[in-house]
2 protein chains.
Amino acid sequence: MVSTLKEILRDYRREQIVDVARRLFEERRSTDVSMDEIATEAGVARSTVYVYFSNRDELILACLQRMHALLNEAIAVAWSRDLDPVGRLRTFIRGMLERIDENPAFFRLAVTTARAAHDPTSAIGSQLALIGLDVTALLVDVITHGMETGGFRPMDPDRAANFIGIQLYGSMSIRADDPAPLPLDATADEMCDFLVGGLATR
Amino acid sequence: MVSTLKEILRDYRREQIVDVARRLFEERRSTDVSMDEIATEAGVARSTVYVYFSNRDELILACLQRMHALLNEAIAVAWSRDLDPVGRLRTFIRGMLERIDENPAFFRLAVTTARAAHDPTSAIGSQLALIGLDVTALLVDVITHGMETGGFRPMDPDRAANFIGIQLYGSMSIRADDPAPLPLDATADEMCDFLVGGLATR
DNA sequence: GATTAATCGGACGCAGTGTCCGATACCCCA
DNA sequence: TGGGGTATCGGACACTGCGTCCGATTAATC
C-alpha cells in the first residue's frame, strides 16, 4: 500500500504546517501572518507549503477543521453529565467560551476570513456553516429536553436554538477581540441567566 | 474668510468621495473595493483621493462616521414615541436591523476592518467603540425605564444592556451576511420575545 | 550506484497601497 | 489680456503579499 503510506506522510506534513499556522494565528493579534512566515516558522520553503495547500484559504480551512474537531471533543467530554436543562445549557456555553479563550486570535481569523470569502461555494464558508449546524443541533437537543422536563416554556426549539446561537456568536466575536475578557464562569453564568430568565418580571 | 471657503470646498469633496465609497461598499459583497475603483467611480484621479484621505483607513473612518450620524438620526426619530418598555426595546431593535438591511455590505466592511485594525489607537476602532457606547446608553435608558415601571425585573442595567448589545451585534453580523434575511418585523419581534420572556416557564 | 520523489530557493507576474512629481487646466486678480 | 496660484491629473515608483514555475539539491529506495 504505497499510496496509503504516502497519504499518511502527506497528512503528517499537512498537520505539521497547520500546527504552526494555528500557533502563529494565535500569537498574532491580526490576520497579517503571511505564507512566508508560516513556511519559515514551519521550517519549510514557501513553495513547499503550496505543495500541501493550494492556497491560503485551503490552509485556513484545514485550521478550521482542526478547531472544529477540538470543539466537538471538548463539548462531548462535558456532555450530558448534568441532567438539569439549565445546567446543560450553562455547560455548553461555558465550553464554547472556553475554546475561544484558548485561541482567540484564531477565532478572529476564522470570522474575518469567513466574512471576506463569504462566497457560498467557498469551502471556508461551508466549514463554518457545518460548525454552526453542530452547535445548533446540540442547542436544539438541550432545549427540547428542557421543554420535556418542564423547565423551559413551550417554543419552537429551532428558533430558540437560533436565538441562543446568535448570542453565542456575538459573545464569542466580542470576547475574541477583548484583551481582558471577564472570567469564564461569570460570563457563562450571566449569559445563561439572561437567556433563561429574560428581562421581564417573573 | 478664505480659509473657511476652502474648508467648505474640502468637506464637499470629501463627502463626494465618501458617498461613492459607501455606494461601492454597498454594491459589492466583499471588501475588495480598491482605491483605484473608488477614485475612478468618483471621477477623480487616485492621487486626488489621497489628497483628501491620507489612506484607506481614513476613508473608511469617514464612511463609518457618516453611518454613525445616520444611525443616530434614524433612532432619534423613532425614540420615545412608544412609552411601553417592551415597545421601546422593540423599536430600538427594529431600527438597528433596518439600518443593516439598508446597507449590509457596509456593515460587513466595518466589522471586518475593525477586526483587522483592532489596534486600540486605531481611529476606526475608537469610532466603532463610540457607536457601541451610543447603543449601550440607549439600551440602559430603556432598561432602567422598564425597571422603574415594573415591566422588567430588577437587574444591573449595564449588564442587561451588554447582553442585549451582544445579541444585536450577533444578529446584525449574521444578518449582514445573509443573502435572504427573514423579514424585519418578524426578526425584531422574535428577538424581543426571547429577550423579554426568556426560556424558562413563567 | 541509479532512479525517483520531496524539497529548496529564487525568479516571475499580478494586484493593491501609498508616495511623489512634473504637466495641465482653471480661476481670480491685476 | 496676461500671470500666478491652486486643484487636479496621470503615471512612475517602491513595497508587500499571493500564487506559479522551474531548475538545482538532497535523500530515500531498490
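Just so you know, these numbers use all the heavy atoms, side chains as well, and skip hydrogens, waters and symmetry mates. A note on names: the letters A, B, ... follow the listed sequences, proteins ahead of strands, and every chain is numbered from 1. These numbers come from a predicted model, not from an experiment.
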Check your understanding: Which part of the nucleic acid, if any, lies within reach of B:Val51 when heavy atoms closer than 4.0 Å are counted: base, sugar-phosphate only, or nothing?
Key -> nothing
Exercise for review: Report which part of the nucleic acid A:Phe53 touches: base, sugar-phosphate, or nothing (heavy-atom distance under 4.0 Å, all strands).
Suggested key: nothing
Review point. Which of the following nucleotides, D:dC21, D:dC18, C:dT17, is nearest to the side chain of A:Ser47?
Key: D:dC21
Revision key, fill the gap. Here the distance between atom P of D:dC9 and atom OH of B:Tyr52, to the nearest Å, is 9 Å
Check your understanding: In whole angstroms, how far is the C1' atom of D:dC9 from the CG atom of B:Asp36?
Key -> 14 Å
Exercise for review: Just call it for B:Ser34: base, sugar-phosphate, or nothing, with non-hydrogen atoms closer than 4.0 Å on any strand.
Suggested key: sugar-phosphate
Review point. Checking all strands, does B:Arg56 fall into the base, sugar-phosphate, or nothing category for heavy-atom contacts under 4.0 angstrom?
Key: sugar-phosphate
Point to revise | Derivation and outcome, side chain to side chain contact (heavy atoms under 4.5 Å, CB included), residues A:Arg175 and A:Leu184 | key: CA-CA 10 Å; A:Arg175 192 176 183 85; A:Leu184 204 60; 3.7 Å; yes
Practice item. State whether the distance check finds a donor on one side and an acceptor on the other, under 3.5 Å, for side chain A:Arg46 versus base C:dG10. Key: no
Check your understanding: Can you tell which of C:dT7, D:dC9, C:dT17 lies closest to the side chain of B:Tyr50?
Key -> C:dT17
Revision key, fill the gap. Exactly one candidate in A:Leu138, A:Thr91, A:Val135 meets side-chain contact (heavy atoms from CB on, under 4.5 Å) with A:Met96; the answer is A:Val135
Exercise for review: Would you classify B:Arg10 as touching base, sugar-phosphate or nothing, given that sugar-phosphate means primed atoms plus P, OP1 and OP2, and contacts are heavy atoms under 4.0 Å?
Suggested key: nothing
Point to revise | Among B:Arg88, B:Arg90, B:Met147, side-chain contact (heavy atoms from CB on, under 4.5 Å) partner for B:Val142 | key: B:Arg88
Review point. In terms of side-chain heavy atoms of B:Ala45, which of D:dC9, C:dG18, D:dT8 is nearest?
Key: D:dC9
